[in-house]
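One structure below.
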Amino acid sequence: METHILYDEHGQAVEFVVDASFSVNDLDYVALSSTDEEDDALYIFRVDQDSQGEVVFSGIDEAELKIAQEVYEELIEEN
């Protein structure tokens, strides 16, 4: 199980599990869920590279999120 530590708006570390990785129109995305049992939300980020070539998760706007959600839901239905 692949996990990542992200930081919330208060600077607190939150551990996330990768639910799925997928691509849409040559862009890569990751669907994450928190390991905190009280947080059942799914978070989708675009996977980018910074200037040093390191992988970073980028927030996406509503239009891009809608497309990514549709592809994620199709992926889940197939499995």
Side-chain angles (χ1 to χ4, degrees):
M1 174 174 16
E2 183 179 348
T3 62
H4 293 276
I5 303 293
L6 302 179
Y7 294 89
D8 67 13
E9 63 275 7
H10 306 292
Q12 299 295 315
V14 180
E15 184 176 34
F16 289 87
V17 175
V18 174
D19 288 335
S21 296
F22 57 96
S23 297
V24 180
N25 300 327
D26 296 324
L27 296 173
D28 296 324
Y29 295 89
V30 64
L32 305 175
S33 58
S34 173
T35 58
D36 180 352
E37 293 178 5
E38 294 180 18
D39 183 0
D40 62 354
L42 181 75
Y43 302 89
I44 297 178
F45 295 94
R46 187 177 56 243
V47 179
D48 293 320
Q49 289 186 348
D50 66 13
S51 60
Q52 284 78 39
E54 296 291 321
V55 171
V56 295
F57 296 152
S58 301
I60 55 180
D61 64 25
E62 289 293 323
E64 187 176 4
L65 177 59
K66 182 177 180 182
I67 293 167
Q69 282 177 318
E70 289 173 1
V71 172
Y72 172 77
E73 289 170 6
E74 289 174 11
L75 180 68
I76 295 304
E77 288 176 9
E78 291 175 3
N79 294 323

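What you see below is based on every heavy atom in this structure, not just the backbone, and it leaves out hydrogens, waters and symmetry mates. It should be emphasised that the depicted structure is a prediction, and the values quoted were computed from it without experimental measurement. Starting from 1, each residue takes its place in the sequence as its number.
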Side-chain donor-acceptor pairs of residues 56-66 under 3.5 Å, sequence neighbours excluded:
| unit_1 | atom_1 | unit_2 | atom_2 | d |
| --- | --- | --- | --- | --- |
| Ser58 | OG | Asp48 | OD2 | 2.6 |
| Asp61 | OD1 | Ala63 | N | 3.2 |
| Asp61 | OD1 | Glu64 | N | 2.8 |
| Glu64 | OE1 | Arg46 | NH1 | 2.8 |
| Glu64 | OE2 | Tyr29 | OH | 2.5 |
| Glu64 | OE2 | Arg46 | NH1 | 2.9 |

* **Minimum-distance pair of heavy atoms, taken over all atoms of Leu75 and Ala20** => CD2-CB, 3.9 Å

* To the nearest 0.5 angstrom, please state how far the OG atom of Ser34 sits from the CG atom of Leu42. => 11.5 Å

* Asked: Atom CZ in Phe45, atom NE2 in His4: separation rounded to 0.5 Å?
  -> 11.0 Å

* Which ILVMFWY residues can you reach from Val17 by hopping between side chains whose heavy atoms are under 4.5 Å apart? -> Met1

* Asked: What residues form a side chain to side chain contact (heavy atoms under 4.5 Å, CB included) with Asn25, not counting sequence neighbours?
  -> none

* How would you list, by chain and number, every residue that makes a side chain to side chain contact (heavy atoms under 4.5 Å, CB included) with Gln49, sequence neighbours excluded? -> none

* Asked: Out of Asp39, Asp40, Asp19, which residue meets the side chain to side chain donor-acceptor pair (under 3.5 Å) rule with Ser33?
  -> Asp19

* Asked: For Tyr7, which fellow cluster members are found when Ile, Leu, Val, Met, Phe, Trp and Tyr are connected by side-chain heavy-atom distances below 4.5 angstrom, either directly or through intermediates?
  -> Ile5

* Asked: Are any of the side-chain heavy atoms of Val18 and Leu32 separated by less than 4.5 Å?
  -> yes

* To do: Decide whether Tyr43 and Val14 are clustered together by the hydrophobic rule: side chain heavy atoms of Ile, Leu, Val, Met, Phe, Trp, Tyr closer than 4.5 Å, transitively.
  => yes

Only pairs under 3.5 Å count here: list side-chain donor-acceptor contacts from residues 67-74, not counting sequence neighbours, and write none if there are none.
none

